[in-house]
Amino acid sequence: MNISTELTQEVFVTELLKQMTLDEKVGQLNQVGTSIYGGKEEHYEQLIRSSSVGSFLSIKEIEKANYLQHIAVNETRLGIPLLFAEDVVHGFLTTFPIPLAESCSWNTQLIKKTAEIAAEEAASAGIHWTFAPMIDVSRNPRWGRVAESFGEDTYLTAVFGSAKVKGFQGSLTGNGTLTEDHIIACAKHFVGYSEAEAGRDYNTVDLSWYKLANVYIPPFKRLVDEGVMSIMSSFNLLNGIPATTNKKLLIDILRKKLFYSEVLISDWNALKETVVHGFCRDDKEAVKKAVACQLDIDMSSLLYGTYLKGLVESNSIKEAEIDRAVRRVLSLKWRLGLFDNPYRSSAEKYKKIVDKTKEFRRTALEISEESIVLLKNDGLLPLKSTDKVGYAGIFLDDRQSMMDTWACKGDEKQIVTLAQAVENKQNKNYFLLQNAFRDFERTQTFSEETRSWVRHLDKVVLVLGEKATESGEAKSKAILSISKEQQNFIQALSQINQNIVVVLMNGRPLVLSAIIPYCKSIVEAWHLGCEAGSAILNILEGVVNPSGKLTMTFPRHEGQLPIYYNHYKTGRPYQADKFNTSRYIDLPNDPEFSFGYGLSYTDFALMNYEVKKLKKNQWEVSIDVVNTGEIEGKEVIQLYIGAQYGTYTRPMKELKGFKKINLKPNEKRKVVFNVNRDTFCYYDENLNELFDSGDYLIMVGNSSVIDEKNTKRIEVED
Ligand code: BGC
């Protein structure tokens, strides 16, 4: 191409663009997912040689990536390098907990660190671009993709999404390029995808623009402000128009209100699906509409490749519109340094990273331990060293179910199951009842031998939940309780021994009413990845004190859905015994386990709550936290506000800050939050910022259920 790479990004890209033919430009906007040609690689080579592709999805081997890159650089007229993309969601080689689990750690530093490691591993395999983080605020556990989310809260999703982007993209160098061990992040899915009606994946989304502006769009706004380099539009219909071709959404909001100027990519085949949605007349019209929405890259529908050139030649689309999109794609390539060095990694480098994964597992263990949430504990945990403990249950030794969805190159062989962790302990008081579940499933009873074993145990740990294949994309569920077989198993077992601890492995909040009466303790362990078993055992034994807090509400019953902590008030607030209030006649309104909730093996007392006005619209909110128990532990202190009235009604409570602190027994710490005018801002339906003076509640607690004594009313001035 003969252009100096010393030039600034802007000048370089402009010069390159001048040399490109229309065909070459169109090629840059075409992303090819490897499965669309049934994995037949001769197609890729041909596509590259004819400059018909700008990026690939799912090439995960460094040799293959470099081989294809070599063709792009040496066998095409301009030698423009390719981009390789992949869904690096919770680790690449080292499998970390699913995002929903990680979010329960409320540990922003660790959440960033796992993204950093994933980026380093992925970059060494030749990957440039991850389709993560998913920042769809998720309030419906029927939707399988809640596993990929950071839960139900807008503020938390923004904070953790931001940590992920910082981890993936790292700090840019002086001239704005990424360092070699970082990759481009992609905030997805814009927007509202998690609100699929009835929780059924890909289903219709019909949401008020007010709700979109205040619940679903703010995490995207934050990531745009902080420099996320790509965004993916969502599959769903949004208020009557597919998000992929929704002009109000993609132009008026994304480009004009959020000032987003980077690459926008469609979701897989979503462009073609705008026809299936019944919005575009045909594929050609879909392309016209998408270009008008500044959708820069078409992922895997091949429609841009098929129609763009003809549409420009027939003056239906201006070439300048194509140029703008190509410029954005080339800018990504420039910032990855690909024009200087198209091969950011090599087989040797990859090997070195593989060798480093031992070290990365320490972080996996740490985040796994912090992701676990203790939901119930009637005295069985932590296990005592003298306890005779039996371990059983369907997921006791199920490697796949510890990895879950989008596990990339995570290797099942590297997973430590609970069975394995128990075995490694060589504790003569621990007994693995490996076949107990399967035998029971077959015979619906326990053998005399199993009965006598179980009867003599002090405690039984059962690993229950849902399989990895039951959460993630296209894994919607109408029933959220664990399977009937597992319910029967625990019920039957509890007739022999009542000291049951349940360890749950699942990718979504479950309905637990069928098992709660049969167990004394419940440990929510999600799908934790490679160190799952070790982390769980450390929690069970009290080597680590649990500190996770739920980021999604657990309903009592599917009929309560959607259920989330920051709902609005009603004109007839809930009163359990008053008939014409907002309530169910067959269930309480409140959930089984609330957002922000999670137990510890120690106790924390919250005292001396103060809201001090410093000056106009500035407060210092503080509370003393004391560890009143006998062991060290971590607690998450949460700050909520509640607007009492305003231009629009606001939710009962909105999370606005949190601090995770570690306290030794008897240690006391003052936790301080600063509250100012910005804390109270929100948006109207056109994403204009709003601020209402008036009365607000300021609340601090260790879950979203807040003690009256830790609630104070303040007046916010104009
Ligand atoms: C998912 C996206 C993902 C893409 C590429 C789609 O089915 O919705 O989240 O990035 O596939 O794998």
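Please read these numbers as outputs of a predicted model, since none were measured by experiment. Remember, it's 1-based here, ligands and their atoms both numbered in the order they're listed. Here, residue 1 is the first one in the sequence, and each next residue gets the next number.
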Residues passing the ring pair (Phe, Tyr, Trp, His ring centres under 6.0 Å) test with F168, sequence neighbours excluded, are none

With side-chain contact (heavy atoms from CB on, under 4.5 Å) as the test, pick out the partner of P97 among I367, I111, T114, L110.
I367

Is the ring centre of F595 less than 6.0 Å from the ring centre of W106?
yes

What are the polar N/O contacts of ligand 1 with the protein below 3.5 Å, with distances?
{"from": "ligand 1", "atom 1": "7 (O)", "to": "E473", "atom 2": "OE1", "distance (Å)": "2.8"}
{"from": "ligand 1", "atom 1": "7 (O)", "to": "E473", "atom 2": "OE2", "distance (Å)": "2.8"}
{"from": "ligand 1", "atom 1": "8 (O)", "to": "R145", "atom 2": "NH1", "distance (Å)": "2.6"}
{"from": "ligand 1", "atom 1": "8 (O)", "to": "D267", "atom 2": "OD1", "distance (Å)": "3.4"}
{"from": "ligand 1", "atom 1": "8 (O)", "to": "D267", "atom 2": "OD2", "distance (Å)": "2.6"}
{"from": "ligand 1", "atom 1": "9 (O)", "to": "R145", "atom 2": "NH2", "distance (Å)": "2.8"}
{"from": "ligand 1", "atom 1": "9 (O)", "to": "K188", "atom 2": "NZ", "distance (Å)": "2.8"}
{"from": "ligand 1", "atom 1": "9 (O)", "to": "H189", "atom 2": "NE2", "distance (Å)": "2.7"}
{"from": "ligand 1", "atom 1": "10 (O)", "to": "D87", "atom 2": "OD1", "distance (Å)": "2.5"}
{"from": "ligand 1", "atom 1": "10 (O)", "to": "K188", "atom 2": "NZ", "distance (Å)": "3.2"}
{"from": "ligand 1", "atom 1": "12 (O)", "to": "D87", "atom 2": "OD2", "distance (Å)": "2.5"}

Out of the candidates K333, Q31, H128, only one should pair with S55 under the side-chain hydrogen bond (donor to acceptor under 3.5 Å, both in side chains) rule; please name it.
Q31

Within 45° cone of Y683 ring axis and under 6.0 Å: K221 NZ or CZ
no

Short question: side chain of Q169, backbone of A185 - any donor-acceptor pair under 3.5 Å?
yes

